[in-house]
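Numbering of residues begins at 1 and proceeds along the displayed sequence. Numbering of ligands and ligand atoms starts at 1, following listing order.
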Amino acid sequence: MLDIATIRKDFPILQREVNGKPLVYLDNAATSQTPQQVIDVIVDYYHNYNANIHRGVHSLSQEATDAYEAARQKVQQHFNAKHPEEIIFTSGTTHGINMIANGFASMLKAGDDVIVSALEHHSNIVPWQMLCEKTGATLKVIPMNLEGELVLSEYDNLLTENTKLVFVNHISNALGTINPIDTIIKKAHEVGAAVLVDGAQACPHIKPDVQALDVDFYVASAHKMCGPTGVGMLYGKKEWLTLLPPYQGGGEMISEVTFEKTTYADLPHKFEAGTPNVAGGIAFGAAIDYMNSIGFQAIADYENNLLEYATSELLSIDGLTIYGTSDQKTSVISFNLDGIHPYDVGTLLDKMGIAVRTGHHCAQPIMDFYKIPGTIRASFSFYNTKEEIDRFVEGVKKAKLMLS
Ligand SMILES: *Cc1c(COP(=O)(O)O)cnc(C)c1O
């Protein structure tokens with residue numbers, strides 16, 4: 001069992017008030033809060049060894065390089081990648097997806113298919129549309145059902161020998177559905193297609209094993225798993241990363257440069273042009289350590305309890321509809337109140353110190369499917385409490401009274 005009172009002391013922001021009320025932070029699917037242990041690592045970097053990495057002979061540069069590469073190994077171990085150079089530091093999930101979409105531009109042609117799922121975040125739709133426009137490949141979509149699950153029998157129909165790439169998120173940020181990515185990956189490989197999994201929403205809740213999944217590419221953002229903003233990781237199988245062209249040209253990513261020809265650096269540097277977010281990478285490693293010190297099984301068990309409790313409390317409110325009712329989901333609840341705009345509910349909740357997200361959650365196609373403009377989304381983390389859920393449910397009831 002988690003000692004939540006002690007855990008909450010690690011997060012300075014959870015002690016603050018918003019609009020005169022103690023903060024209830026339920027927007028964890030947008031970004032998680034940062035524990036002191038991670039903040040300390042960032043401060044320590046700027047206090048003691050801020051330097052550019054990989055190119056200095058001086059001690060600070062060496063210390064910074066060592067810390068950055070140690071963080072890469074932490075990420076490697078966490079995701080169980082075979083080699084450290086299969087981990088590319090990025091600015092986040094969106095960056096990682098664009099790197100792969102760009103890399104495949106030279107490999108696709110008219111007649112090829114790219115499959116995405118109906119449950120995608122915009123960052124996992126737009127880059128593929130751009131890729132298909134550039135190459136003439138066709139974009140196909142795995143449809144979803146009313147529970148917010150992908151319809152796998154339709155996926156079977158879409159897969160052919162023309163399928164070159166499949167993109168799917170591990171967990172939907174808008175609904176919380178956990179997608180059956182092992183089956184999706186296996187079936188894609190049967191027709192020779194590569195698979196990229198967007199793990200941005202999964203990594204705060206579970207510890208993915210990229211080798212066991214046999215996934216070709218996996219991307220995540222540090223800021224959704226207790227790390228800082230502006231840093232993330234792209235995992236790619238070594239064979240793929242060797243094959244794909246680099247995304248950006250610049251310093252760090254070259255082996256030799258003349259005006260006639262440039263040869264690229266070895267992995268992972270080929271994909272890491274320019275000065276990276278050094279402090280961010282190191283802090284990402286610290287965030288992974290922090291989450292593992294709490295333990296992913298304990299996190300999942302605790303969050304599932306919160307999810308069950310909040311779901312049944314919310315459903316006791318007349319006229320409240322929850323979107324995304326799969327029995328395979330994480331601690332995200334998307335809902336609406338009959339005849340009330342989600343934005344108005346969100347605004348009133350904020351007045352009570354309660355932070356939720358309202359809108360389409362960067363997943364407009366899902367909202368179109370349900371024929372709604374958006375939802376109110378509450379997403380819970382391991383540092384949230386039952387008392388906070390009580391305050392939230394009270395707040396929703398109050399907002400309903402005021403708005404109907
Ligand atoms: C948050 C999120 C993204 C985008 O992550 P960034 O850190 O903004 O790049 C992509 N996909 C999913 C499922 C997300 O939840």
Side-chain angles (χ1 to χ4, degrees), residues 25-34 38 75 88-102 116-130 141-142 144 148-150 166-181 184 195-206 208 215 217-235 247-248 271 276-277 280-281 283-284 287-288 303 323-324 326 328-334 355-367 374-375 377-381:
Y25 185 76
L26 303 181
D27 194 18
N28 295 285
T31 202
S32 57
Q33 294 304 342
T34 320
V38 173
V75 177
I88 310 295
F89 279 120
T90 62
S91 70
T93 300
T94 305
H95 183 204
I97 293 169
N98 278 281
M99 279 164 92
I100 300 307
N102 180 76
V116 299
S117 96
L119 286 175
E120 295 313 309
H121 189 278
H122 292 166
S123 71
N124 217 0
I125 301 173
V126 183
W128 311 120
Q129 284 173 331
M130 290 165 66
V141 182
I142 312 170
M144 61 185 276
E149 298 164 332
L150 295 177
V166 175
F167 302 99
V168 64
N169 60 42
H170 196 162
I171 293 180
S172 155
N173 70 301
L175 306 178
T177 315
I178 305 172
N179 291 313
I181 58 163
I184 290 172
V195 182
L196 184 150
V197 171
D198 170 354
Q201 211 54 240
C203 294
H205 310 289
I206 50 186
V215 68
F217 306 100
Y218 195 98
V219 288
S221 298
H223 72 91
K224 293 198 177 163
M225 45 191 303
C226 296
T229 54
V231 65
M233 74 102 199
L234 157 68
Y235 160 80
Y247 180 47
Q248 288 180 311
F271 289 101
N277 181 351
F284 188 6
I288 285 176
E303 289 176 344
Y323 301 94
S326 172
Q328 295 296 311
K329 68 179 268 191
T330 42
S331 48
V332 171
I333 303 181
S334 247
V356 294
R357 177 129 313 216
T358 62
H360 54 57
H361 318 298
C362 295
Q364 248 166 355
I366 300 180
M367 304 302 135
T375 67
R377 182 187 70 184
S379 49
F380 315 117
S381 176

Asker: Can you tell me how far the CG atom of N169 sits from the CG atom of N179, to the nearest 0.5 Å?
Answerer: 5.5 Å
Asker: Is there a nitrogen or oxygen of D198 sitting under 3.5 Å from a nitrogen or oxygen of ligand 1?
Answerer: yes
Asker: Using a 4.0 Å heavy-atom cut-off, say whether H95 meets ligand 1 through its side chain, its backbone, both or neither.
Answerer: neither
Asker: Indicate yes or no for a side-chain donor-acceptor contact from S326 to the backbone of E149 under 3.5 Å, with no hydrogens or angles considered.
Answerer: no
Asker: Could you find the nearest protein heavy atom to atom 10 (C) of ligand 1 and give me its residue, atom name and distance?
Answerer: S123 OG, 3.1 Å
Asker: Check each atom of ligand 1 against the heavy atoms of S221 and keep those under 4.0 Å away; list them by number with element.
Answerer: 5 (O), 6 (P), 7 (O), 9 (O)
Asker: For H121 and H361, I'd like to know if the aromatic rings sit close, meaning centre-to-centre distance below 6.0 Å.
Answerer: no
Asker: Starting from atom 15 (O) of ligand 1, what is the nearest protein heavy atom, named by residue and atom, and what distance separates them?
Answerer: Q201 NE2, 2.5 Å
Asker: Just distances here: any N/O of H223 and N/O of ligand 1 closer than 3.5 Å?
Answerer: yes
Asker: Classify the ring geometry between W128 and F167 as parallel (under 30°), tilted (30 to 60°) or perpendicular (over 60°).
Answerer: parallel
Asker: Could you pull out all residues at least two apart from H223 that satisfy side chain to side chain contact (heavy atoms under 4.5 Å, CB included)?
Answerer: T31, S221, T229
Asker: Among all protein heavy atoms, pick out the one at the shortest distance from atom 9 (O) of ligand 1; state its residue, atom name and that distance to 0.1 Å.
Answerer: T94 OG1, 2.6 Å
Asker: Quick one: does N124 get a heavy atom under 4.0 Å from ligand 1?
Answerer: no
Asker: Can you list the residues that meet the side chain to side chain contact (heavy atoms under 4.5 Å, CB included) rule with A363, with sequence neighbours excluded?
Answerer: A174, I366
Asker: Counting only heavy atoms closer than 4.0 Å, does ligand 1 sit against the backbone of T93, its side chain, both, or neither?
Answerer: both
Asker: When rounded to the nearest 0.5 angstrom, what is the spacing between CD in Q201 and CG in N28?
Answerer: 9.5 Å
Asker: Considering only protein heavy atoms, which is closest to atom 14 (C) of ligand 1, and at what distance to one decimal place?
Answerer: K224 NZ, 2.9 Å
